[in-house]
Amino acid sequence: AGVHPRMPVILDPPHYELWLDTAADDRRRLEPLLRPYDSSRMRLDPVSTYVNNARHEGPECITVQRELF
């Protein structure tokens with residue numbers, strides 16, 4: 001079974017440098033990073049619908065909204 005090419009990847013900080021290294025083209029080094037992320041380490045926070053526009057950037061995209069309505 002292969003890795004779906006369009007799935008987002010969640011990396012631990014120690015793996016950022018390797019993942020972003022444009023010279024790292026050896027699949028054997030990168031594929032071990034493509035594994036399910038431990039959901040118990042994730043956090044869910046509500047954000048504004050401002051984030052729904054791909055042209056929007058900046059901290060407003062991740063500002064936690066305690067009340068959405």
- Task: Output every pair passing ring-ring contact (aromatic ring centres under 6.0 Å, His included) with a member in residues 8-42, not counting sequence neighbours, ordered by first then second residue.
- Result: none
- Query: CG of L11: more than 12 outside heavy atoms within 6.0 angstrom?
  - Reply: yes
- Please check if V51 and I62 belong to a single hydrophobic cluster, counting links between Ile, Leu, Val, Met, Phe, Trp and Tyr side chain heavy atoms closer than 4.5 Å. no
- Message: Would you compute the distance between atom CD1 of I10 and atom CZ of R41 and round it to the nearest 0.5 angstrom?
- Response: 10.0 Å
- Query: Nearest heavy-atom pair of E57 and E60: which atoms, and what distance?
  - Reply: O-OE1, 3.5 Å
- Item | ILVMFWY cluster, L20 and L34 together (side-chain gap under 4.5 Å) | yes
- Item | Closest contact, heavy atoms only, Q65 versus S48 | CG-N, 3.3 Å
- Which atom of C61 lies closest to which atom of H56, heavy atoms considered: SG-O, 3.6 Å
- Item | D26: partners by side chain to side chain donor-acceptor pair (under 3.5 Å), with sequence neighbours left out | R28
- Message: Using the rule that Ile, Leu, Val, Met, Phe, Trp and Tyr join whenever any side-chain heavy atoms are under 4.5 Å apart, tell me whether Y50 and V47 fall into a single cluster.
- Response: no
- Reported CG-to-OG distance for the pair L44 and S39, which is rounded to 0.5 angstrom: 12.0 Å
